[in-house]
Amino acid sequence: MKNLSMGFVVFLLLGCAGNKKIANNSFLKTAFQNDFLIGTALNVPQIENKESKAASLISNEFSSITAENIMKCEIIHPGWEQYNFNRADEFVEYGQQHHMFIVGHNLIWHSQLSPFVQKITTSDSLMLFMTNHINTIAGRYKGKVNGWDVVNEALNEDGTMRKSLFLEKLGDGYVIKAFELASKAAPDAELYYNDYNIEQPKKRAGAIALIKSIQAAGVKINGVGIQGHWSINNLPLNELENAILEFSALGIKVMITELDLTVLPNPWDLKGADVNQNFENSAFMNPYPNGLPDSIDTKLADSYESLFKLFLRHKDKISRVTFWGVDDGHSWLNNWPIKNRTNYPSLFDRSLNKKTAYKKVIKLASKNK
Ligand code: XIL
């Protein structure tokens, strides 16, 4: 009898210990809570809680959210005096309700601009737009949005400044000006420069020069976002590690802000005359319309595992890892750079089930403790 009750006590103790481990490590945000925030981009139905299975998944798994589209100029600021705040307000309320780190994406970007901005012809008018835009939007969410992508994608692949409307009309000082405006409009928010391929040497050098110019002007910049739209066929692990080290050496936080891994061929990876429109919707460019083969599922999982190993190695430098979309079904990569393909870039499949990649990533977190 004594033995039996002792056994029961041991069983209970083991059970509790086991449960505790499950409680700590069964969701991404808790598994990595001592390492970095785990974020996701949200689209409108997700913000409005219209997808019930997704709703609990999002609040359980993620500690940070980024607006996928609704804070972009073309939606939030469609006319000189016209702002659409409804959706952005909902997004911010959602983040507050769930105690999430809220990222505003983005203030100044050449893409998804409203038509009225594209028609601006004078420097003065563009400066007026930029000032109103940042003051109004960053100001409205002052104390609520925790971090802003102040300037998005200002660089070319060779590290020079992209010839955007902003560069043409305002000169390269526009980036510093944007950060200055944002720092005044939302003094408590973290301010970031965000771009893709800035792990690559030339573009990285351009980003470093740009960040140094902001710092030299005495203007606040808290971090840099490496977008992280990569491919399982071409993961830039070495360059990424160099980038994390070099960006961090500037005294700013490093973030992976739009992580997704395409499993499909990219048109620009194909050499020579094979790159043409005929590939659109072809079986070659859309090889897995009916499901992800096991071998590719494994390759995706191994890719995510090697990325997260790297992130954990540099967790002292990385403050956030944000996925660009919750699940395969909602990823923009089903429609870009070719429309109507079936891609599988996420940790969750189209039914919101955890993929092999999820399991490998979360396992790393428990090993890390
Ligand atoms: C994408 C969205 O995911 C799509 O829904 C939209 O149609 C186009 O923009 N870099 C960025 C993001 O900074 O804002 C982009 O988001 C993806 C590339």
Side-chain angles (χ1 to χ4, degrees), residues 39-48 50-51 54 58 62 64-78 84 87-88 91 102-115 117-118 133 137 145 147-157 162 164-166 175 178 182 190-200 203 206-207 210 223-231 236 243 254-262 264 266-268 320-348 350:
T40 184
L42 291 187
N43 61 30
V44 172
Q46 289 163 344
I47 294 161
E48 293 184 341
K50 286 195 179 138
E51 299 186 5
I58 292 164
F62 299 103
S64 173
I65 50 171
T66 303
E68 185 172 359
N69 285 302
I70 53 166
M71 285 180 153
K72 291 175 180 172
C73 177
E74 68 177 1
I75 297 178
I76 204 167
H77 191 180
N84 275 335
R87 292 255 153 82
F91 164 78
I102 303 170
V103 181
H105 176 78
N106 51 55
L107 292 171
I108 297 296
W109 187 27
H110 65 280
S111 275
Q112 293 183 267
L113 278 173
S114 293
V117 184
Q118 291 166 17
H133 185 78
I137 298 165
V145 164
W148 274 106
D149 289 336
V150 178
V151 175
N152 199 33
E153 302 180 354
L155 294 164
N156 292 316
E157 296 307 289
R162 181 192 289 273
S164 67
L165 181 68
F166 298 103
V175 174
E190 292 190 346
L191 306 182
Y192 316 128
Y193 176 69
N194 192 54
D195 209 334
Y196 59 89
N197 286 351
I198 46 171
E199 67 282 356
Q200 296 300 333
K203 201 166 182 181
L210 189 64
V224 59
I226 302 171
Q227 289 188 0
H229 298 295
W230 293 307
S231 161
V254 181
M255 277 144 264
I256 310 298
T257 51
E258 303 187 14
L259 181 56
D260 51 22
L261 300 181
T262 185
L264 302 181
N266 280 326
W268 49 85
R320 173 169 55 92
V321 176
T322 288
F323 293 87
W324 204 242
V326 176
D327 62 281
D328 289 342
H330 286 100
S331 169
W332 74 305
L333 292 176
N334 293 302
N335 287 301
W336 187 88
I338 294 173
K339 281 203 171 13
N340 296 321
R341 295 198 294 178
T342 310
N343 212 333
Y344 303 84
S346 320
L347 299 189
F348 297 93
R350 284 173 165 70

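What you see is a predicted model; the values in this text were computed from it and never measured. Start at 1 and go down the list; that is how both ligands and their atoms are numbered. The figures here come from the full heavy-atom set of this structure, side chains too, leaving out hydrogens, waters and symmetry mates.
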Check your understanding: Hey, are S331 and N343 close enough side-chain-wise for a donor-acceptor pair under 3.5 Å?
Key -> no
Practice item. Check whether the ring centres of H105 and W324 lie less than 6.0 Å apart, and answer yes or no. Key: yes
Study note, to complete from the structure: d(F166 CZ, H110 NE2) to nearest 0.5 Å is 10.0 Å
Review point. If we ignore angles and hydrogens, is there a donor and acceptor under 3.5 Å between the side chains of W230 and E199?
Key: yes
**Study point:** For D327, salt bridge (Lys or Arg N to Asp or Glu O under 4.0 Å) partners two or more places apart
**Key:** none
Revision key, fill the gap. Lining ligand 1 at under 4.0 Å, by non-hydrogen atom distance, are residues E68, N69, K72, H105, W109, Q112, N152, E153, Q227, H229, E258, W324, W332
Check your understanding: Taking atom types as modelled, is there a side-chain donor on R320 or T322 under 3.5 Å from an acceptor on the other?
Key -> yes
